[in-house]
Amino acid sequence: MIRISTAACRLAALLTALLAFLPASAAMAAEILIHDDKSQPESLAAAPDGTLIVGSASSPYVYKIKSGSTTPEVFIDASAEGPGTFFFGQLVDNGTVWSCMLTPVAGVTPVQRHSSLIGTDLKTGKRKLRWDLPGANSTCNDFSVGPDKALYISDTGNAKIFRLTPGAQAAELWLDHRNLTGIDGITFLNGVMYINSVFFNNLYRVPMDASGKAGTPVQIWMDAPVKGPDGMRAVGNILLHAENGAGKVDSLTINGDTAHVTVLKDGLKTPTGVEPAGDTIWIAERGAGKAISIPMPK
């Protein structure tokens with residue numbers, strides 16, 4: 001017979017109690033979700049049920065990875081659009097997957113691209129909307145849903161933000177301003193729009209009046225240098241953003257016109273997208289051809 005001391009029993013009970021309070025995703029936090037050498041995941045989005053949507057910047061596909069799986073399934077196949085088609089921004093909102101699709105214009109030097117906003121039903125994969133950005137050369141990059149439920153879309157190459165109202169089939173120009181040059185990430189924190197410039201390593205707040213009209217973008221001073229700010233999302237009272245040029249993912253704590261930068265993860269290979277999902281942050285690590293997750297900061 002093996003005798004177990006009272007102290008050992010108490011220790012085991014204490015460990016059991018502590019484990020019960022650990023988040024279920026903690027053990028998953030460092031695991032690789034997807035690794036596809038033929039794909040460069042540029043942006044990703046999480047559905048409420050844990051499904052992940054990952055767009056490829058090197059192939060004409062958007063992938064779906066079901067919760068608990070590490071196997072990607074092709075969700076959108078845009079190979080019929082022509083050679084060189086690829087995807088940037090991804091966002092899941094109210095059962096719709098929003099995607100930025102870019103297609104090079106054949107025979108044009110330097111390279112020009114047509115880009116389109118694609119809306120797809122998350123469950124069925126059925127196309128719900130396609131809107132082509134205006135102009136001979138455009139870069140649909142990312143988007144965010146505002147307090148008014150409209151979708152705001154960044155056009156990196158043309159320094160513009162477009163606005164798609166609920167139920168509309170075409171977006172309208174919302175803001176065209178020189179401070180939007182190189183606009184990449186776009187998100188709303190506590191009802192306020194923030195955007196970044198991947199060209200100039202800057203962060204801006206975009207004021208909006210009671211009627212929804214945009215004001216002049218205001219630069220937010222970051223207290224540490226950043227290089228290549230890319231995908232950006234809001235969670236709680238902070239902004240999350242990826243530095244594609246520095247291999248980092250940061251949190252930004254906004255205080256008026258300043259932002260405190262806290263590095264959450266470094267040593268990454270071209271991180272281009274971030275997505276909060278409960279107690280986890282998903283990262284699109286484009287240079288490594290994979291998506292990884294880290295714990296949400298407390």
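Just so it is clear, the values below take in all heavy atoms, side chains as well, and ignore hydrogens, waters and symmetry mates.
In this structure, a donor-acceptor pair under 3.5 Å is absent between the side chains of Thr120 and Lys128. A donor-acceptor contact closer than 3.5 angstrom is absent between the side chains of Thr139 and Ser115. Judged purely by distance below 3.5 Å, without hydrogens or angles, the side chains of Ser67 and Asp49 never pair a donor atom with an acceptor atom.
Atoms OG and CG, on Ser154 and Asn141 in that order, are 4.5 Å from each other to the nearest 0.5 Å. Summarising the geometry, atom CG belonging to Leu117 is positioned 11.0 Å from atom OG belonging to Ser138; distances are rounded to the nearest 0.5 Å. For the atom pair SG (Cys100) and CD (Glu42), the distance works out to 9.0 Å, reported to the nearest 0.5 Å. With rounding to the nearest 0.5 Å, the separation of CG in Asp230 from CD in Glu243 is 10.5 Å. Here the straight-line distance linking atom CG of Asn244 with atom CG of Asp184 works out to 7.5 Å at 0.5 Å rounding. Annotation: the span from Ile220 atom CD1 to Asn196 atom CG amounts to 12.0 Å, rounded to 0.5 Å.
In this structure, Asn94 has no side chain to side chain contact (heavy atoms under 4.5 Å, CB included) partners at least two apart in sequence or on a different chain. Shown here are the side chain to side chain contact (heavy atoms under 4.5 Å, CB included) partners of Ser211, two or more places apart in sequence or in another chain: Asp209, Lys213. Residues satisfying the side chain to side chain contact (heavy atoms under 4.5 Å, CB included) criterion with Gln219, sequence neighbours excluded, are Asn202, Tyr204. Qualifying side chain to side chain contact (heavy atoms under 4.5 Å, CB included) partners for Lys149, counting only residues two or more places apart in sequence or in other chains: Pro166.
Counting only residues at least two apart or on different chains, the salt bridge (charged side-chain N to carboxylate O under 4.0 Å, His left out) pairs with a member in residues 76-100 are Glu81-Arg130. Sorted by first then second residue, the ring-ring contact (aromatic ring centres under 6.0 Å, His included) pairs that include residues 101-140, not counting sequence neighbours, are Trp131-Phe162. Residue pairs meeting the salt bridge (charged side-chain N to carboxylate O under 4.0 Å, His left out) criterion with at least one partner in residues 50-61, sequence neighbours excluded, do not occur; the list is empty.
The closest side-chain heavy-atom distance from Ile183 to Ile161 is below 4.5 Å. At least one side-chain heavy atom of Thr270 sits under 4.5 Å from a side-chain heavy atom of Thr272. Looking only at side-chain heavy atoms (C-beta outward), Asn158 and Asn137 stay at 4.5 Å or farther from each other. The closest side-chain heavy-atom distance from Ile294 to Thr280 is not below 4.5 Å. At least one side-chain heavy atom of Phe199 sits less than 4.5 Å from a side-chain heavy atom of Thr156. Residues Pro225 and Asn201 form no side-chain contact, since every pair of their non-hydrogen atoms from C-beta on lies 4.5 Å or further apart. Between Leu151 and Leu91, some side-chain heavy-atom pair lies under the 4.5 Å cut-off.
Hydrophobic cluster membership is shared by Leu129 and Leu173, with clusters built from Ile, Leu, Val, Met, Phe, Trp and Tyr side chains linked at under 4.5 angstrom. Note: the hydrophobic cluster containing Ile283 also contains Leu264 (ILVMFWY, side chain heavy atoms under 4.5 Å, direct or indirect links). When the side chains of ILVMFWY residues are joined at heavy-atom separations under 4.5 Å, either directly or via intervening members, Met208 and Ile195 end up in a single hydrophobic cluster. One hydrophobic cluster, built from ILVMFWY side chains closer than 4.5 Å, cannot hold both Leu203 and Val198; they sit in different ones. There is a path of hydrophobic side-chain contacts, each under 4.5 Å, that joins Leu52 to Tyr61.
In this structure, Ile118 shares a hydrophobic cluster with Ile53, Val62, Phe75, Ile76, Phe87, Val92, Val97, Met101, Leu122, the cluster being traced through Ile, Leu, Val, Met, Phe, Trp and Tyr side chains under 4.5 angstrom apart. Other cluster members for Phe86: Phe88, Leu102, joined by side-chain heavy-atom distances under 4.5 Å among Ile, Leu, Val, Met, Phe, Trp and Tyr.
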For residues 253-262, please give each side-chain donor-acceptor pair under 3.5 Å, one per line with the distance, not counting sequence neighbours.
residue, atom, partner, partner atom, Å
Asp257, OD1, Arg205, NH1, 2.9
Asp257, OD1, Arg205, NH2, 2.9
Thr258, OG1, Asn255, O, 2.9
His260, ND1, Asp223, OD2, 2.6
His260, NE2, Thr262, OG1, 3.4

Check: residues 175-182 side-chain donor-acceptor pairs under 3.5 Å, at least two apart:
residue, atom, partner, partner atom, Å
His177, ND1, Asn179, N, 2.9
Asn179, ND2, Pro217, O, 3.2
Thr181, OG1, Arg178, O, 2.7

Return a table of donor-acceptor pairs under 3.5 angstrom between the side chains of residues 233-241 and protein atoms on other chains or two or more places apart.
residue, atom, partner, partner atom, Å
Arg233, NE, Glu275, OE1, 3.4
Arg233, NH1, Asp142, OD2, 3.3
Arg233, NH2, Gln90, O, 3.2
Arg233, NH2, Asp142, OD1, 3.3
Asn237, OD1, Asn190, ND2, 3.4
His241, NE2, Asp250, OD2, 3.0

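The minimum heavy-atom distance linking Pro83 with Pro104 is given by the pair O-CD, 3.8 Å. Between Ser197 and Pro229, the closest heavy-atom pair is O-CG, 3.3 Å. The minimum heavy-atom distance linking Ser116 with Cys140 is given by the pair O-SG, 4.1 Å. Heavy atoms only, all atoms of each residue included: Tyr63 and Pro72 are closest at CD2-CB, 3.9 Å. Across Pro41 and Val54, no two heavy atoms sit closer than the pair CB-CG1, 3.4 Å. Shortest non-hydrogen contact noted between Ile153 and Ala171 is CD1-CB, 4.0 Å.
A donor-acceptor pair under 3.5 Å is absent between the side-chain atoms of Ser59 and the main chain of Ser56, judged by distance alone. With hydrogens and angles ignored, the 3.5 Å screen pairs a side-chain donor or acceptor of Glu285 with a backbone N or O of Lys269. Judged by distance alone, the side chain of Ser58 and the main-chain N or O of Gln40 form a donor-acceptor pair under 3.5 Å.
The only option from Tyr194, Phe188, Phe143 that meets the ring-ring contact (aromatic ring centres under 6.0 Å, His included) definition with Tyr152 turns out to be Phe188.
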request  = Apply side chain to side chain contact (heavy atoms under 4.5 Å, CB included) to Thr165 and Asp148, showing your working.
outcome  = CA-CA 8 Å; Thr165 57; Asp148 58 357; over 6 Å; no

task = Apply the test side chain to side chain contact (heavy atoms under 4.5 Å, CB included) to residues Trp282 and Val274: give CA-CA distance (whole Å), side-chain angles for both, the deciding distance (0.1 Å), then the verdict.
result = CA-CA 6 Å; Trp282 288 104; Val274 288; over 6 Å; no

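Few gaps surround NZ on Lys64; more than 12 heavy atoms of other groups in view lie less than 6.0 Å from it.
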